[in-house]
K.L.:
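Below are the structure tokens for one structure; questions will follow.
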Amino acid sequence: MHAECCPVASGSFDIKDLIAAVPNLDKLAVISGEQVVNIGSQDMNDAVWLKLASRLGEVVKSPGTDAVIITHGTDTVEETGYFLDLVTKTEKPIVMVGSMRPATAISADGPSNLYNGVAVAVSPGARGRGVVTVLNDQIDYARNVVKTNTTDVETFRSVNRGPAGVSNTGVVTWFAPLEKKHGTSSEFSVDGLTSLPRVDIIYAHAGMNPDLIDAAVKLGAKGLVIAGVGDGNMTDAALARVTAAAKAGVVVVRSTRLASGIVYRNNEVDDDKLGLVASAELNPAKSRVLLMLALTRTRDVARIQTMFNEY
Ligand code: GLU
């Protein structure tokens, strides 16, 4: 079994050192490494996503590669993973691993996460699952996973659904497959893309002033995601401005600032009347990823709502 390994994580470690630091990794797979970028994941951006997705698309086509492991900082792995899941047409396993503790820490978690990640990548049942994250013995679909704690090793959770499986000392148990569109069933692709449409996230709160909505539109946002209070709500003033933005052709998605839950269409807000999209299960960061890709295809609000229901 061969696995490619391409780190995009911050820090000073070369991929060869990361692989060498994990005892018995070579007993699981024949691994070759490639450094796509070396940044803190807080600096992740659209250009790197396009570069990484395009390289990943090439690598998975290689008959010599059975699976891909991507090392990634934990801050934005949930966004990168979802982006790659939406644009990479393959049944081959793609596993993202990271670490909450630095390599110098007592009980650093990086080596065991990488070991478990490779075990997941080569495990029977990994094919066709799309992009998953593996940290702290837990496997999560990139589409579902959220970083929930600033420093805890038990930080990654599939908040609305539960994990994809577990990997304990390399023994892998898979749970239910992800029925949402992704990978080979996704309509999205990075082929021919040199940039992504601008989508801004605006955080709602008590006393929310609508000025930032106007500013984002003036600065060229093609889409807006509101990290709404509760079920994707915002002040009347903000709602009036997003409605105006929607009428002017900016696609507005109502998500929630809450840790979990579904934003329902036409529940508290009349999305049909106001021309808005409800994010369903996707948090603001994931909504932004899907909206950027959706806007490469269409600006039709009904079509984009269907995407939010299906992906
Ligand atoms: N800010 C760092 C990052 O996401 C956190 C450390 C880590 O998770 O690698 O890259």
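The analysis underlying the following values was restricted to heavy atoms, covering all of them including side chains, and did not include hydrogens, waters or symmetry mates. For ligands, and for the atoms within them, numbers begin at 1 and follow the listed sequence.
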K.L.:
So if I count the atoms of ligand 1 from 1 in the order they appear, which ones are less than 4.0 Å from some heavy atom of Q42?
P.N.:
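Numbered from 1, ligand 1 contributes 1 (N), 2 (C), 3 (C), 4 (O), 10 (O).
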K.L.:
Less than 3.5 Å between some nitrogen or oxygen of H72 and one of ligand 1, yes or no?
P.N.:
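By distance alone, the answer is no.
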K.L.:
Would you call D46-R288 a salt bridge at under 4.0 Å N-O?
P.N.:
yes
K.L.:
Under 4.0 Å from a heavy atom of G40: give me the atoms of ligand 1 that qualify, with their elements.
P.N.:
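Near G40, the atoms of ligand 1 are 10 (O).
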K.L.:
Go through it in stages, so that I can follow the logic: the residues are R254 and D231, the test is salt bridge (charged side-chain N to carboxylate O under 4.0 Å, His left out), and I'd like the CA-CA distance, side-chain angles, deciding distance and then a yes or no.
P.N.:
CA-CA 8 Å; R254 295 186 305 107; D231 188 9; 5.1 Å; no
K.L.:
Any N or O on S99 sitting closer than 3.5 Å to an N or O of ligand 1?
P.N.:
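S99 vs ligand 1: N/O contact under 3.5 Å present.
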K.L.:
Tell me whether K89 at atom NZ has more than 12 heavy atoms from other residues, nucleotides or ligands lying less than 6.0 Å away.
P.N.:
yes
K.L.:
In a table with atom names and distances, give each donor-acceptor pair under 3.5 Å that connects a side chain of residues 20-27 to protein atoms at least two apart or in another chain.
P.N.:
from	atom 1	to	atom 2	distance (Å)
N24	OD1	K27	NZ	2.7

K.L.:
Which atoms of ligand 1 sit under 4.0 Å from any heavy atom of T74?
P.N.:
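Close to T74: 3 (C), 4 (O), 7 (C), 8 (O), 9 (O).
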K.L.:
Does any pair with a residue in residues 235-249 pass side-chain hydrogen bond (donor to acceptor under 3.5 Å, both in side chains), and if so which ones, sequence neighbours excluded?
P.N.:
D214-R241
